[in-house]
Student: 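Got a structure for you, questions after.
Every chain is numbered from 1 and lettered A, B, ... according to where its sequence line falls, protein lines coming before strand lines.
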Number of protein chains: 2
Amino acid sequence: MLDDIVGYRLRRAQVLVYQDYVRTVGSLDIRPAQFAAMTIIGANPGLSQTTLAATMGIDRSGAVILIDALEEKALAARVPSPVDRRTYAIVLTDKGQATLAQLKQLVMEHDDRVTACLTPEERVQLNALLLRLYQG
Amino acid sequence: MLDDIVGYRLRRAQVLVYQDYVRTVGSLDIRPAQFAAMTIIGANPGLSQTTLAATMGIDRSGAVILIDALEEKALAARVPSPVDRRTYAIVLTDKGQATLAQLKQLVMEHDDRVTACLTPEERVQLNALLLRLYQG
DNA sequence: TATTGTTATACTCTATAACTATA
DNA sequence: TATAGTTATAGAGTATAACAATA
């Protein structure tokens with residue numbers, strides 16, 4: 001019965017994928033959520049913490065902690081906005097951009113390894129099905 | 001880039017599926033891991049905590065906490081083994097079996113709702129792909 | 001009034017390591 | 001010596017609620 005439930009299979013698959021992620025990225029010590037944040041900041045430099053939180057589907061307070069961690073490692077920075085003194089423009093530092101490039105390489109290798117049991121077509125199919133699951 | 005990574009899509013999908021699970025089962029207050037444990041115990045009555053942990057892919061100490069919670073709610077019980085005084089045979093109580101039947105109904109409705117955006121064939125396909133992901 | 005970022009707090013989930021009692 | 005269960009502890013991840021500064 002359990003094996004017919006999408007939620008159960010999702011969780012089991014995610015645990016294994018997460019473990020492989022940690023093994024792969026281990027030495028850099030960047031958590032999956034931190035990698036996601038860096039990728040989003042890299043693609044949308046200058047966004048606010050609230051926008052980042054909304055994009056990632058987490059609470060604003062979570063974005064604060066995420067940026068705190070990245071700032072501590074000098075990977076991201078809070079730049080005061082000239083137009084709205086409540087908000088910061090979040091950007092990657094030079095070190096952050098270099099680290100992100102390195103991370104992307106590692107994560108692609110990780111993703112290939114984790115999906116090695118699928119054909120390229122099946123991998124595309126899985127991605128498409130998962131997207132539809134969380135988009136509608 | 002993020003949208004091409006299976007791990008990222010897995011996590012996003014799982015968050016949404018988890019939220020729907022909580023909404024559906026909410027009043028019964030049985031966590032996903034507790035439901036998984038009850039289902040496994042129901043299908044394998046008398047198994048040990050170590051076997052349960054191995055089946056679920058968690059640590060033995062996690063199984064203790066899981067069974068503690070189920071025992072507190074009178075859904076499961078530890079029966080001393082007559083042959084090996086180190087182990088317990090874990091079983092569902094009558095209340096546990098009744099609750100499990102009720103839960104299975106709710107979880108099936110939840111799973112149908114969460115996969116409503118997929119055709120039956122696609123749902124089968126997704127399940128098969130996820131299984132292969134965590135089995136090989 | 002509403003919004004941004006922040007802090008404090010708490011709760012879930014899980015792992016590690018050390019312990020005990022049995023085998 | 002090895003194994004089953006247990007406990008204490010710690011860490012990641014996340015949410016809620018309240019607050020100050022600013023709009």
Student: Counting only heavy atoms not in B/Asp3, do more than 12 sit closer than 6.0 Å to its CG atom?
Tutor: yes

Student: Check the interface with nucleotides 10-13 of chain C: list each N/O to N/O pair with the protein under 3.5 Å, or write none.
Tutor:
none

Student: Mapping A/Gln19 and A/Tyr88 to their closest nucleotides on DNA chain C, which lands nearer the 5' end?
Tutor: A/Tyr88

Student: Here's a test of your reading of the structure: between A/Val83 and A/Leu66, which maps to the more 5' nucleotide of DNA chain D?
Tutor: A/Leu66

Student: Rounded to whole angstroms, how far apart are CG on B/Leu52 and P on C/dT14?
Tutor: 12 Å

Student: From CE of B/Met56 over to P of C/dA15, roughly how many Å is that when rounded to an integer?
Tutor: 10 Å

Student: With a 4.5 Å cut-off on side-chain heavy atoms, are A/Asp29 and A/Lys73 touching?
Tutor: yes

Student: If you count every heavy atom of other residues, nucleotides or ligands that lies below 6.0 Å from A/Tyr88 atom OH, does the total exceed 12?
Tutor: no

Student: Return the CD to CG distance between B/Gln49 and B/Asp68, rounded to the nearest 0.5 Å.
Tutor: 7.5 Å

Student: Rounded to whole angstrom units, what separation is found between the CD atom of A/Gln14 and the P atom of D/dA12?
Tutor: 17 Å

Student: Could you check whether any side-chain heavy atom of A/Thr24 comes within less than 4.5 Å of a side-chain heavy atom of A/Val107, counting everything from C-beta outward?
Tutor: no

Student: Would you kindly give the CG-to-P distance between A/Asp59 and C/dA8, to the nearest whole Å?
Tutor: 16 Å

Student: Would you mind classifying the nucleic acid contact of B/Ser48 as base, sugar-phosphate or nothing, using non-hydrogen atoms under 4.0 angstrom?
Tutor: sugar-phosphate

Student: Scan side-chain atoms only and decide if A/Arg31 and A/Tyr21 contain a donor-acceptor pair under the 3.5 Å cut-off.
Tutor: no

Student: Looking at D/dA23, I'd like to know if its phosphate oxygens (OP1 or OP2) sit under 4.0 Å from a side-chain N or O belonging to A/Arg85.
Tutor: yes

Student: Taking only side-chain N and O atoms of A/Thr50, does any of them lie within less than 4.0 angstrom of OP1 or OP2 on C/dG5?
Tutor: yes

Student: Under 4.0 Å, counting only non-hydrogen atoms across every strand here, what does A/Arg60 touch: a base, just sugar-phosphate, or nothing?
Tutor: base

Student: Go through the N and O atoms of the side chain of B/Ser61 and the base of C/dT14, and report whether any donor-acceptor pair is under 3.5 Å.
Tutor: no

Student: With DNA chain D as reference, determine whether A/Asp84 or A/Gly62 sits nearer its 5' end, using the nearest nucleotide of each.
Tutor: A/Gly62

Student: For A/Arg86 and C/dT4, give me the distance from atom CZ to atom P, rounded to whole Å.
Tutor: 6 Å

Student: Quickly work out the B/Ile65 CD1 to C/dA15 C1' distance and round it to whole Å.
Tutor: 10 Å

Student: I need the minimum non-hydrogen distance between B/Leu118 and A/Leu133, along with the two atoms involved.
Tutor: CD1-CD1, 4.0 Å

Student: Using whole Å, what does the distance between atom P of nucleotide D/dA4 and atom CD of B/Gln49 come to?
Tutor: 11 Å

Student: Separation of A/Ile58 atom CD1 from C/dT6 atom P, in whole Å?
Tutor: 13 Å

